[in-house]
Amino acid sequence: RMDRMRFMVFTWDHDPEEFRVEAICEPEYTINDVGRYEYVGLGPLCRVISGRGVFSGPDANQNFNALSVLMATRTPGELVMPIWGRTQACLTELKMEQGSRPQHIVYSFTFRETDNVGSIPRLPEIDERT
């Protein structure tokens with residue numbers, strides 16, 4: 001049996017129901033001598049790891065709060081994902097979703113993989129050429 005999902009000192013009681021790994025390399029451009037954009041290559045690889053699940057039972061709020069505290073440290077840590085392996089990542093998004101109630105916290109998360117010095121590659125959310 002594989003390990004359960006872990007981030008830093010936090011281990012999930014039950015792995016998230018939804019899990020996604022996206023690998024993204026953004027195209028990079030420069031402006032040439034006549035003011036036109038020229039493609040110069042692909043930027044660094046950035047993996048975005050996201051998912052959704054439910055914390056249930058008497059520890060539901062405590063589990064959600066524990067992840068919130070780890071996010072507040074704003075530091076990268078080891079993310080262990082069953083099947084997908086291990087990586088260094090930062091928890092960049094944590095949401096308590098609709099349908100949450102005492103002892104039943106519906107949550108979603110997003111991690112961004114870091115490089116070997118703890119930096120997150122730039123991933124523009126909006127195309128800056130427009």
Is the backbone of [Y] close enough, under 3.5 Å, to the side chain of [X] for a donor and an acceptor to pair up by distance?
X: Asp15; Y: Arg4; value: no
X: Ser100; Y: Met96; value: no
X: Asn32; Y: Gly35; value: yes
X: Glu113; Y: Thr87; value: no
X: Thr30; Y: Glu38; value: no

Work out which heavy atom in [X] is nearest to a heavy atom in [Y]; give both atom names and the distance.
X: Gly53; Y: Glu17; answer: CA-OE1, 2.8 Å
X: Ala89; Y: Phe7; answer: O-CE1, 3.4 Å
X: Leu91; Y: Thr110; answer: CD1-O, 3.5 Å
X: Cys90; Y: Thr75; answer: SG-C, 4.0 Å
X: His104; Y: Gly99; answer: CD2-O, 3.6 Å

Which is it for Met81 and Ile49 under the side-chain contact (heavy atoms from CB on, under 4.5 Å) test, yes or no, and what are the steps along the way?
CA-CA 10 Å; Met81 303 163 285; Ile49 298 130; 3.8 Å; yes

Side chains of Glu97 and Ser108: do they bring a donor and an acceptor to under 3.5 Å?
yes

Judged by modelled atom types alone, do Ser50 and Arg20 share a side-chain donor-acceptor pair under 3.5 Å?
yes

Shared ILVMFWY cluster between [X] and [Y], side chains joined below 4.5 angstrom?
X: Leu67; Y: Val80; value: no
X: Val69; Y: Phe64; value: no
X: Met8; Y: Phe10; value: yes

Does Gln98 reach the side chain of Val106, with side-chain heavy atoms less than 4.5 Å apart?
no

Pro44 side chain reached by Glu28 side chain, heavy atoms, under 4.5 Å:
yes

Which value, rounded to the nearest 0.5 Å, describes the distance between [X] atom [atom1] and [Y] atom [atom2]?
X: Asp59; Y: Asn61; atom1: CG; atom2: CG; result: 9.5 Å
X: Tyr39; Y: Tyr29; atom1: OH; atom2: OH; result: 7.5 Å
X: Leu94; Y: Phe109; atom1: CG; atom2: CZ; result: 9.5 Å
X: Gln88; Y: Phe111; atom1: CD; atom2: CZ; result: 11.5 Å
X: Ile24; Y: Arg112; atom1: CD1; atom2: CZ; result: 7.5 Å

List the steps, then state whether side-chain contact (heavy atoms from CB on, under 4.5 Å) holds for Arg47 with Val21.
CA-CA 7 Å; Arg47 288 199 313 166; Val21 178; 4.1 Å; yes

Test applied, side chain to side chain contact (heavy atoms under 4.5 Å, CB included); reference residue, Asn63; option that passes from Thr11, Ile105, Asp13
Asp13

Would you please test Phe19 and Met5 for side-chain contact (heavy atoms from CB on, under 4.5 Å) and show each step?
CA-CA 11 Å; Phe19 192 78; Met5 188 162 150; 3.7 Å; yes

Specify whether Tyr107 and Trp12 have parallel, tilted or perpendicular ring planes, treating 30° as the upper limit for parallel and 60° as the lower limit for perpendicular.
tilted

